[in-house]
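To keep things clear, I will list the structure first and then write my remarks on it.
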Amino acid sequence: MNEQLVQVARALGADGRGILAADESTGTMTKRLAGIDVESTETNRRDYREMLFRTTDALRDHISGVILYDETIRQSAADGTPLVQMITDAGTIPGIKIDRGAKPLAGAPGEKVTEGLDGLRERLAEYYELGARFTKWRAVIDIGRGGDRSIPSAYCIRANAHALARMAALSQEQNLVPIVEPEVLMDGDHDIDRCFEATEWTLKQVYMALYDQRVWLEGSVLKPNMVLSGKGCPVQAAVDEVAEKTVRCLRRGVPAAVPSIVFLSGGQSDVEATAHLNAMNAGYDLPWNLSFSYGRALQAAPLAAWAGKSDNVASAQAAFRHRARMNGLATRGDWSMDLEQEAA
Ligand code: 13P
């Protein structure tokens, strides 16, 4: 039992606040910056993230935690303040991405397993010293195209669940709250019920692996996908159906001992990700805090507004503040399309 872990796990999903996932690997960040014609130098990556973390009112009011990448947790702002300190000064908890990416799973064409366990204990001890109080590990589960039911395979789900549990146990040993992220992808032509089936199966296997490996659920956080229609599915489920099926799936798969569930956005539009979260919090009485840990759905608007120009910093920060506030409202079920448009 470790009270610090419980407090952090609860705080990450505290009412009105959620997580900013700013842990893009250098490869992903390079793609994002290329999209706005900005060269991916260490300074540009720092300037962009510093701009987000300097939106201190948004952090204080709506952002419970920030997930950092290895490069970022070691960086300082232009004025020399460590980025980690800027985050903690705003009353927000720094965390760290600890996986080393999803790689092809041997013997399972088309499926992946996440790597990064070797030497993890030592890396975790260092990240704690650098100020991290939670970790994140993302597993990727694909759904077969054209009705191919061989993907996901039981092998892929079990291999990923095992790795998630390994990292979670090690994180807790080092006094870090693990964010367990099994992402069932929305890419593909599958319908929402196939997503439900794959997500329920994945969650059950993940919680079995966490149990086997003695992970203490009260000091952990789940970061799941929502139950959605595949991007290429001709029938797209409406907000109420997404909320109803996601809640049903989570109730079946996630023990009530888990304090906080924080969704990934996974390629949904900004407003869709907010509307879905809002519908769940407005319509259902749930045993967990239900909040967000968005990357793209929080950053797409400020990234576009910034475009790499210092003249645009204020409008980029306004765009970030707006999305953080809208998602903060959604954690209470208080968001509406009217509020969205009024403030825009
Ligand atoms: P998205 O919200 O863009 O899916 O990213 C969240 C995340 O941290 C994925 O690991």
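Both ligands and their constituent atoms are indexed starting at 1 by order of listing. Predicted model only: the values in this text are computed from it and were never measured.
Checked against a 3.5 angstrom limit, the closest N/O atoms of Y294 and ligand 1 fall outside it. Of the N or O atoms in A297, none lie within a sub-3.5 Å distance of an N or O in ligand 1. Looking at R296 next to ligand 1, an N or O pair under 3.5 Å apart turns up. Where the criterion is an N or O separation shorter than 3.5 Å, residue side chain and backbone included, G266 meets it with respect to ligand 1.
Both the backbone and the side chain of S265 come within 4.0 Å of ligand 1, counting heavy atoms alone.
Heavy atoms of other residues, nucleotides or ligands lying less than 6.0 angstrom from CZ of R123 number more than 12. Within a 6.0 Å radius of CZ in R46, other residues, nucleotides and ligands contribute more than 12 heavy atoms. The number of heavy atoms from other shown groups lying within 6.0 Å of NZ (K103) is above 12.
Those atoms of ligand 1 with a heavy atom of D23 less than 4.0 angstrom away are 8 (O).
Of the candidates E181, Q299, K223, the one placing a heavy atom closest to atom 8 (O) of ligand 1 is K223.
Within the structure, ligand 1 has S293 among the residues with a heavy atom less than 4.0 angstrom away. Residue contacts with ligand 1 include K136, since one of its heavy atoms falls under 4.0 Å from the ligand.
A side-chain donor-acceptor contact under 3.5 Å links T28 and S25.
With P178 as reference, T135 is the one residue of V221, T135, L210, L170 to meet the side-chain contact (heavy atoms from CB on, under 4.5 Å) rule.
The main-chain N or O of G328 is never found under 3.5 Å from a side-chain atom of R17 such that the two would form a donor-acceptor pair.
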